[in-house]
Amino acid sequence: MDYQFKDIEKKWQKFWADHQTFKAEDKTTKPKYYVLDMFPYPSGAGLHVGHPLGYIASDIFARYKRLKGFNVLHPMGYDSFGLPAEQYAIQTGRHPALTTEDNIATYRRQLDQIGFSFDWSREVRTSSPDYYKWTQWIFMQLFNSWYNKGADKAESIAKLVEHFEQNGSAGINAVCDDEVLSFTADEWKALNNNEQQAELLKYRLTYLRESTVNWCPALGTVLANDEVKDGFSERGGFPVEQKKMMQWSMRITAYADRLLKGLDTIDWPEPLKEMQRNWIGKSVGASVRFAIDASPKSSPKERTLNQGEANSLSFGEGRGEAIEVFTTRADTIFGTTFLVIAPEHELVAPLTTAEQKADIEAYITQAKKKSELERMADAKTVSGAFTGSYATNPLNGEKIQIWIADYVLAGYGTGAVMAVPSGDQRDYLFAKHYNLPIIPIIDIQKIETEADPTKEGHYINSGFINGLTYREATAAVIAKLEEIGAGKAKVNFRMRDAIFGRQRYWGEPVPVYFKDNLPHLIEEKDLPLVLPEVDKYLPTESGEPPLARASDWRYSQGHAPLAPSKSPPVGETLAADGGENLPPHLTGIYRETADPFYYEQLKGYSSENRKEPTEAENILWQLLRKDQTGYKIRRQHAIDQFIADFVCLQKGLIIELDGHHHKLNKEADDARTEVLNYFGFTVIRFTNDEVLQDAQKVLDQIKEKLNSSPDRISSTTSAAKVSPPVGGGDLEEAITTGAAKVSPTGGDLEGAITASAAKVSPAGGDLEGADPAGAAKVSPAGGDLEGADPAGLSYAYEHSTMPGWAGSSWYWYRYMDAHNDQEFASKSAIDYWKDVDLYIGGSEHATGHLLYSRFWNKFLKDIGKVVEEEPFKKLINQGMIQGRSNFVYRLVDELGRGTNTFVSHGLIKEYRTSPLHVDVNIVENDILNLDKFKKFRPDFADADFILENGKYHCGHEVEKMSKSKFNVVNPDDLIERYGADTLRMYEMFLGPLEQSKPWNTNGIEGVFKFLRKFWRLFHDEALNFKVSGQEPSKAELKALHKIIHKVEEDVERFSFNTSVSSFMIAVNELTEVKCNKRAVLQDLVIILSPYAPHICEELWVLLGNESGTLSYAAYPKFISAYLVEDEYAYPISFNGKTKMNLNISLSLEPKDIEALVLANADVQKYLDHKAPKKVIVVKGRIVNIVL
RNA sequence: GCUCAGAUGGUGGAACUGGUAGACACGCAGGACUUAAAAUCCUGUUCCCGUAAACGGAGUGCGGGUUCGAUUCCCGCUCUGAGUACCA
């Protein structure tokens, strides 16, 4: 029989599933090996073409390790909470759980058909209550822990409380909030429970605090730093703003140093480690206090003080007496000629003198107006304002000015810098711009045109460090600062605590309820806290997150003990005073300020984002207004979350005017165009210049467009027509390209929300079926709670949910013991599996998932639950898959209009053409299939071609893979055509795993041919299975052992592409000698099976082995003796250039070889009777004759 | 700007510690089989000169260096990709 890959692959996939062939053992004497792929989010678009690349590599490795006798854990599951399913729910009302379920089914089907050796018995889903029960449980452990810097590990809050009770706050060295109280043991005991809880919250590893967050109005949620790119949300490309909000945070900063140090112990790609190092951003330096000077110019009376803080400001004491700066160059302190503080700095108001007040206020207003984007584009502009106040340099007593400027960031260090213009370029520019002094401090410094940050040379103008070197000076300065109490050595980190909450529905509920405005953990026995059902997936009218819609969803303290205690167990709240005695800064902190007024945001968004009209806009408006075009045009109109410059709702035409159209805007513009197109709007763009130069021409073009466009949709139906993305399959694409939260409408924004909300179908019945546990578990203050007083004992839960990274920060442990309902994983399972030996995935997780996972892992180790400090020993980034687009070239006539004639790529220089994307699936090896092309678009049906040698050659280019560029190749199609084994081998054959490469199927034929050739080794001419029992020849054994060795080497260093080549060479060699000997072929089947498992299973059984035993066969032993040669064709080179080869016995020593070579007639010809200067002989390698 | 990675035929890529550059595959050209096509097989294929061939010259982004010998090591530069950015 010929190679029937379809039957074979189906058959073996079924066999593996039925027999659980790849189930990892729990109890075994075999060594363990844990191979893991990065947790996929099951998007509606199905498996992205980049995914199989990593999965195939890890699968080959897993299968190889099984052959090598390891007990391999190779699991797969889904990170199934996430935004796309929820966006889809908002648009359609379909429960995210259902969408997720469908997407997972698609994923699973695709994974199965590639023949992966996953242990599916361990599959996990983060959105399943069995799973997120433990995510919540870990959250509770974090809540119950604090970081003891002394012990350099997390410890239980109970231990902290114990310390407070015995010693007060003295002797505590914790990573905590800045403004913690200091108290004695007695003072602590005198605090009531709420006060104690409020204080403890400042220490917990997960805590609630008002912090500046990345707020994305369009997504209606906060985002983590790594989810924001260039001021836009990574997902969707929506604008992100800074906003102060009460938020759950994770004290990852406590682990900053350990996260940094751990990088040196793990085998990860260097760029990835570097990214983490940058993200953590450790800088070693000193903090220095500059006393604020009460100069005559700014007597305290004249100061414009703010609020209560100012009243308490008496000079010489209190926190206002000095400005603290952080510097990495304490040695340059004598070059400090002014201080700069951030405009947001708390001392700005008290430091501003009456004379300077106007300046400062103007500057602050202007700085606030600048968007994130403008600030970035504007990095070169120097701006700032003088406060009028002075400070004193602690080391030389110099009086220096205090300025504000936005080049100093409030969030880094202390939000203040000592400016040393001679050494720092930003300070230099600032000093030049405002005529501030610049003092050179190192003898070799060159500062005529720019700052010189050198550390070489000796100090000058620097008091007691004059003449010292950098090392000496730094030490001396810090010692002096410490001595006079003006500063100390300090380490600073760029990394911030991670925000741990999203104002979204589809995520893990936070196992917390609120009592007296304070957060309290629910009891462990009440886990999991199941996600409640809601009527729609939007924020409430008052702006609370969607979970607030579940009004019955409240925590009932059914059986909680009520006995008051001075230091209660964490997680219970027992206060009887109702929270009235809270410290002032904590009253009302949460409910009142926590929740974003999403609704208001959206409404307010349009007015906030209206730009000042430009001149061009005004001109155009005069031409467009009052139906002059025959159509009603609106100006600055909100459509979806965008503001259109002009829009004709009737025609669905948007007219955009772009001023400066730089790169940053372009992506956002393209994304929004795509979204608007999606909803039936057409966008045309003009530049300001076009309007200013010839407004009439622009107007004519607009008119033409209006007249030629069909009406969009009637305004009455437009609001109701919530156009969901075309089917679930498109969901992710829609989101990533910026799909809208609400439908765009012809009418006003408010109408849009109501309309889309109304459209949401209350999918009640279905949902209960889908998640019965959910409904039962959360029954609110129900009758079954014995004697509970619904009014008094039910409390609101936290309404935000956990962020996307929560569930993925520990999942590798769950695979070790996936069905445990007593623990997240048993101690014995963790002791056995320990950590992930090989982790494969994309580098896009560098600063998100991979950092958070290391953080949680270290925490779990601190509390004794896991054994390894680092979770992922070896990590490989698979390269990104780029798209490879094909182009056809449309002939253009004299007027610049496209014709229906297409010119082959080789001839385009002779014609005027314009390139056009063409679907890569109708192009093979860059040759266009003309028939398919004619069917590609109706207007191509009668296309003409100008061909080369009867063929149409397409152009090609590497660009992003996207549907709009017609360069998406679906793995399903390739499997249909060539089978999974071919796909697997081809993906590996493409090139090194880590390298980015365009997705191009040009060479797939070669791999397919190879497998057929391999198949034929086992068959005779008539394709009957036929192997012989003869002893293999020397050449056959050599070919076999060469490949045994080569594949071992290659797999161990993850060089899969080279081993595919070697397989081809081996099969070519064996075909050459017509080898069909069982002794050779059976071993070859084992070696190839990790790469092409289906065909190998089939041949394995044909060879007479038992079905299913191949996966656990023993990898053949390499015997080097078969490779030993007695002769070698030595390359003979002259001056390094190889001229000929000579067969010489390998037993000869260099001296004899030299004699032999020089005696050779051909060599003599080259020597031309001259004696060589020198002869180099490397045994078994080369002979080089120097002339 | 900074950090990191990379640059080899028409294409993907190989050459592991400095030792025959271009393995393997695609594509292309020619041929065999076939009424024809598909499939399969064979031959050639870095470039230049000569042009049947031997043979000769150049050649791993560019310019230098170390070495008997450099795609590999060192110095300087160009370009591409990724990450990051008023981080004090």
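Everything numeric in this text was worked out from a predicted model, so none of it was measured.
- On the C1' atoms, B/C55 is 14 Å away from B/C48, given to the nearest whole Å.
- Side-chain contact between A/Met495 and A/Leu851 is present, with at least one heavy-atom pair separated by less than 4.5 Å.
- Following rounding to the nearest Å, A/Lys1173 (NZ) and B/G69 (P) show an atom-to-atom distance of 11 Å.
- A salt bridge between A/Glu274 and A/Arg277 is present, with a side-chain N of the basic residue lying under 4.0 Å from a carboxylate O of the acidic one.
- When both distances must be under 3.5 Å, the Watson-Crick or G-U wobble mate of B/G9 does not exist.
- Checked by atom type, the side-chain pair A/Asp452/A/Tyr428 shows no donor-acceptor distance below 3.5 Å.
- B/A23 is unpaired under the criterion used here, namely a Watson-Crick or G-U wobble arrangement in which both key atom distances are under 3.5 Å.
- Using atom P as the reference point in both B/G83 and B/G65, the two lie 38 Å apart (nearest Å).
- One finds the CD1 atom of A/Ile280 at 6.0 Å from the CD atom of A/Gln276 (value rounded to the nearest 0.5 Å).
- An anti base is found at B/G56: its glycosidic angle is more than 90° from 0.
- Checking B/U17 for Watson-Crick or G-U wobble geometry (two distances, each under 3.5 Å) identifies no partner in any strand.
- Between the CE atom of A/Met275 and the P atom of B/C2 there is a distance of 19 Å, given to the nearest Å.
- Each of B/A88, B/U3, B/U40 was ranked by its minimum atom distance to the side chain of A/Leu409; first place goes to B/A88.
- Atom-to-atom, CZ of A/Phe1008 to P of B/A38 comes out at 16 Å; the value is rounded to the nearest Å.
- Closest-nucleotide positions on RNA chain B for A/Ile1065 and A/Lys1013 were compared, and the one nearer the 5' end corresponds to A/Ile1065.
- Aromatic pair A/Phe338/A/Phe430: centroids less than 6.0 angstrom apart.
- For A/Phe1056, there are no ring pair (Phe, Tyr, Trp, His ring centres under 6.0 Å) partners two or more places apart in sequence or in a different chain.
- Checking B/G76 for Watson-Crick or G-U wobble geometry (two distances, each under 3.5 Å) identifies B/C62 as its partner.
- Residues A/Lys432 and A/Glu450 are not paired through a salt bridge, judged by the lack of any N-O separation under 4.0 Å between the basic side chain and the carboxylate.
- Between A/Arg426 and B/C87 there is a side-chain polar atom (N or O) within less than 4.0 angstrom of OP1 or OP2.
- Taking atom P in both B/G50 and B/G61, one finds a spacing of 28 Å when rounded to whole Å.
- Among the protein residues, A/Arg496 comes within range of no part of the nucleic acid, since none of its heavy atoms lies under 4.0 Å from any strand.
- Atom CD of A/Glu270 and atom C1' of B/G83 are 13 Å apart (whole Å).
- Rounded to an integer number of Å, the gap from CD of A/Glu1021 to C1' of B/C33 is 14 Å.
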Identify all pairs in which a protein N or O lies below 3.5 Å from an N or O of nucleotides 56-66 of chain B, and state each distance.
residue : atom : partner   : partner atom : Å
B/G56   : OP1  : A/Tyr1166 : OH           : 3.2

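- The ring pair (Phe, Tyr, Trp, His ring centres under 6.0 Å) check on A/Tyr1130 picks up A/Tyr1128, with sequence neighbours excluded.
- Rounded to a whole Å, the CE atom of A/Met988 is 19 Å from the P atom of B/C26.
- A residue-by-residue look at A/Arg494 and A/Val1007 shows that A/Val1007 has its nearest nucleotide of RNA chain B further toward the 5' end.
- Comparing B/A38 with B/U17, their C1' atoms sit 49 Å apart, to the nearest whole Å.
- Ring geometry for A/Phe326 versus A/Tyr412: interplanar angle over 60°, hence perpendicular rather than tilted (30 to 60°).
- Spacing between B/G6 and B/C75 at atom P, rounded to whole Å, works out to 15 Å.
- Ring geometry, A/Tyr3 versus A/Trp1015: the interplanar angle falls from 30° to 60°, so the pair is classed tilted.
- Pairing of B/C41, defined by two Watson-Crick or G-U wobble distances under 3.5 Å, is identified with B/G31.
- Straight-line distance between the P atoms of B/A15 and B/U20: roughly 13 Å, to the nearest whole Å.
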Base, backbone or nothing for each nucleotide of nucleotides 27-32 of chain B, written B, S, -, heavy atoms under 4.0 angstrom, 5' to 3'?
SS----
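- Taking the side chain as every heavy atom from C-beta outward, A/Leu983 and A/Tyr986 never approach each other to under 4.5 Å.
- Atom P of B/U66 sits at a distance of 27 Å from the matching atom of B/A5, rounded to the whole Å.
- Within the 4.5 Å cutoff, side-chain heavy atoms of A/Asp1050 are placed close to those of A/Ser1062.
- Spacing between atom CD of A/Glu274 and atom C1' of B/U3 amounts to 6 Å, rounded to whole angstrom units.
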Annotated protein contacts, base or backbone, on nucleotides 12-20 of chain B with a non-hydrogen cut-off under 4.0 Å, one of B, S, - each
BSSSB--BB
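- Across the strands present, B/C4 finds its partner in B/G81; the criterion is a Watson-Crick or G-U wobble pair with both atom distances under 3.5 angstrom.
- For B/U60 and B/C73, the P atoms lie 15 Å apart once the distance is rounded to whole Å.
- Note: A/Trp403 and A/Tyr434 have tilted aromatic rings, judged against thresholds of 30 and 60 degrees for the angle between ring planes.
- In this entry the distance linking CG of A/Asn877 with C1' of B/G83 reads 12 Å, nearest Å.
- A/Lys1042 meets the side-chain hydrogen bond (donor to acceptor under 3.5 Å, both in side chains) test with A/Glu1069; sequence neighbours excluded.
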